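No hydrogens, no waters, no symmetry mates; every other heavy atom, side chains included, goes into these values. Predicted model, so just to flag it, every value in this text is computed and none were measured.
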Amino acid sequence: MRLSTGTKAAAIIASAALLMTACSSGGGSDAPAADGPVELTFWTWAPNVDKVVETWNAANPDIHVTVNKQDGGDPAITKLLTAVKAGSGAPDIMQTEYQKIPTLVSADALADISGEVADLADQFPEGVWNDVTLGSDAVYAVPQDSGPMQFYYRADIFEQLGLTVPTTWDEYAATAAALQAADPTKYLGTFSATDAGWFTGLSQQAGASWWGIDGDSWTVAVDDEATLKVADYWGGLVESGVIDNKPMYTPEWNAALNNGTQIGWLSAIWAPGVLEGNAPDTAGLWKMAPMPQWDAAKPATGNWGGSATAVTSQSKHPAEAAQFIEWLNASQEGVDLLVEQTGIYPANIPASAEALSEPPTFFANQPDFYEIAAQTAKTAGSFTYGPNVNVTYSAYNDEFGKATEAKSQAAFTAAVEAMQKVTLEDLKSSGFNVKE
């Protein structure tokens, strides 16, 4: 089974001139049958996946999976692309972040497994399924976990200061101002210029989709109306001083979460683990609510993070590899084990309901935690990533780094416009067809 280029999205992605020399061994389903058990290798960075795989191997002696732990994110992707270009050395199965899938497809690194898993679409949120299909008939991976965003807040401080949990972005701005008026040392949140995935999720919630396909060309819309609205909104909050402008994941930010000077965090479903590690003294004091809304009549959220499991184009046993990843991400047993061993938030809707029957330990005071999460996860719209997402994310760091220093609303919108220009110029110079 080779990479499908019959679909519109795949054909466009594969047309990049600079990647035309990328080659794959393409063993595919035409490979001869193996003598004895099929041996599959699995590159992943999720913790304790080897323990999950032990259960599979015990029940499936004819398809043996060996886990090869990798560094997460870009290092693993770079290693895979190197192997694909060399024509050998890639694993059979690969964990990949959603935003990396267009890059991998453009390099002919992933197999189309639609023949094995096409009937899984109804088990996943529409936006997440779009991430693994690129809006085409092909299926390049099975979703594993997702990162629907919510609002996390210090319930004790809200009660102490008489604050109301915001349900709209207007209310969020008002609450941020009321908090500063009551205690200038406290902030409802911060704008982080070092977390492009966070800003992407906020833009997705507003209706943005930065890349698209028109005919045989890519389109780029980083500076669309939705994203500019988000940037203008946050620029106004930072300029007025009611929201902090410091990066997340710094010692200063960690301390602020722990000592109560940062009392809110717009984050994803994996936030409890971060809070438990960075603010251990606040266990039982936080609660979670849906994100504030632009239109309360049309609830929406964005995704921050998440990954899928793919079959690489070098696998000589793609059908068996697809069988394994379907079990891993779409069976109750597989999802239960992933939750138990790795702590992920599974993308599979029906299986997650049973697997997540108890709230995270850090949020034991909120029994309906995962009920709220399930409701918000379903409201994430589709967001199309492009083959140069790394360039766009780098531009975000550069441009919003300057904007947060300036603390200027105008600088925030200018940062988005600069991201658009950088993204568009890079696609063109990389040899992609681009429609402006």
Side-chain angles (χ1 to χ4, degrees), residues 1-4 24-29 31 34 37-73 75-84 86-98 100-101 103-105 107-118 120 124 128 131-133 138-145 306-331 333-335 337-338 341-342 344 346-348:
M1 177 170 41
R2 298 175 186 272
L3 181 73
S4 169
S24 67
S25 62
S29 57
V38 168
E39 294 288 341
L40 303 174
T41 55
F42 180 15
W43 285 6
T44 177
W45 59 82
N48 299 322
V49 170
D50 52 331
K51 296 179 181 178
V52 178
V53 170
E54 286 176 3
T55 299
W56 164 269
N57 286 338
N60 298 272
D62 293 334
I63 306 175
H64 184 269
V65 179
T66 299
V67 172
N68 189 322
K69 289 298 292 292
Q70 302 292 314
D71 293 330
I77 297 301
T78 299
K79 187 175 179 180
L80 176 63
L81 291 174
T82 300
V84 169
S88 63
D92 297 277
I93 304 161
M94 177 74 181
Q95 179 183 1
T96 174
E97 295 171 304
Y98 294 115
K100 301 298 184 182
I101 291 177
T103 300
L104 295 176
V105 172
D108 199 16
L110 303 184
D112 173 11
I113 55 173
S114 56
E116 280 73 25
V117 302
L120 298 181
F124 299 95
V128 173
D131 287 339
V132 300
T133 63
V139 179
Y140 297 109
V142 175
Q144 180 166 297
D145 60 314
S307 62
T309 319
V311 178
T312 76
S313 55
Q314 285 186 8
S315 177
K316 291 181 171 60
H317 308 287
E320 291 85 352
Q323 184 180 341
F324 165 73
I325 67 175
E326 180 174 351
W327 170 84
L328 182 68
N329 301 310
S331 74
E333 181 181 42
V335 171
L337 288 167
L338 281 172
Q341 296 292 344
T342 72
I344 66 163
N348 188 285

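Panel note: side chain T41, backbone D92; a donor-acceptor pair is recorded below 3.5 Å. Side-chain atoms of Q314 come within 3.5 Å of backbone N or O of A83 as a donor-acceptor pair. Counting only distance, with no hydrogens or angles, the side chain of N68 and the backbone of F42 share no donor-acceptor pair below 3.5 Å. Looking at S313, its side chain does come within 3.5 Å of a backbone N or O of D108 through a donor-acceptor pair. With hydrogens and angles disregarded, a donor-acceptor distance shorter than 3.5 Å links the side chain of W56 to the backbone of I63. A donor-acceptor contact shorter than 3.5 Å links the side chain of N57 to the backbone of V65.
Every residue two or more places apart in sequence or in another chain was checked for a side-chain hydrogen bond (donor to acceptor under 3.5 Å, both in side chains) with T312, and none qualifies.
In this structure, the separation between OH on Y140 and CG on L104 is 11.5 Å, given to the nearest 0.5 Å. Rounded to the nearest 0.5 Å, atoms CD1 (I93) and CG (L328) are 8.5 Å apart. Annotation: the span from E320 atom CD to L40 atom CG amounts to 7.0 Å, rounded to 0.5 Å. Here E326 contributes atom CD and N348 contributes atom CG; the two are 10.0 Å apart, rounded to the nearest 0.5 Å. Taken from CD1 in I344 to CG in L338, the straight-line distance is 4.5 Å, to the nearest 0.5 Å. Atom CD1 of I77 is separated from atom CD1 of I101 by 9.0 Å, given to the nearest 0.5 angstrom.
Nearest heavy atom pair, residue P318 against residue K316, reads CD-C, 3.4 Å. Across every non-hydrogen atom of A310 and L110, the tightest pair is CB-CD2, 3.7 Å. Pairing each heavy atom of D71 with each of A76, the nearest pair is O-CB, 3.2 Å. Scanning all heavy atoms of the two residues, the minimum distance from L81 to A107 falls at CD2-CB, 3.5 Å. Scanning all heavy atoms of the two residues, the minimum distance from Y98 to A308 falls at CE2-CB, 3.7 Å. Summarising the geometry of V52 relative to W327, their closest heavy-atom pair is O-CH2, 3.6 Å, with the distance given to 0.1 Å.
At least one side-chain heavy atom of E97 sits less than 4.5 Å from a side-chain heavy atom of W45. Counting heavy atoms from C-beta on, the side chains of P37 and N60 never come closer than 4.5 Å.
In the displayed structure, K51 atom NZ is contacted under 6.0 Å by at most 12 heavy atoms of other residues, nucleotides or ligands.
A donor-acceptor pair shorter than 3.5 Å can be found between the side chains of S307 and D145.
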Quiz item: Could you walk me through whether V142 and I113 pass the side chain to side chain contact (heavy atoms under 4.5 Å, CB included) check?
Solution: CA-CA 9 Å; V142 175; I113 55 173; 4.3 Å; yes
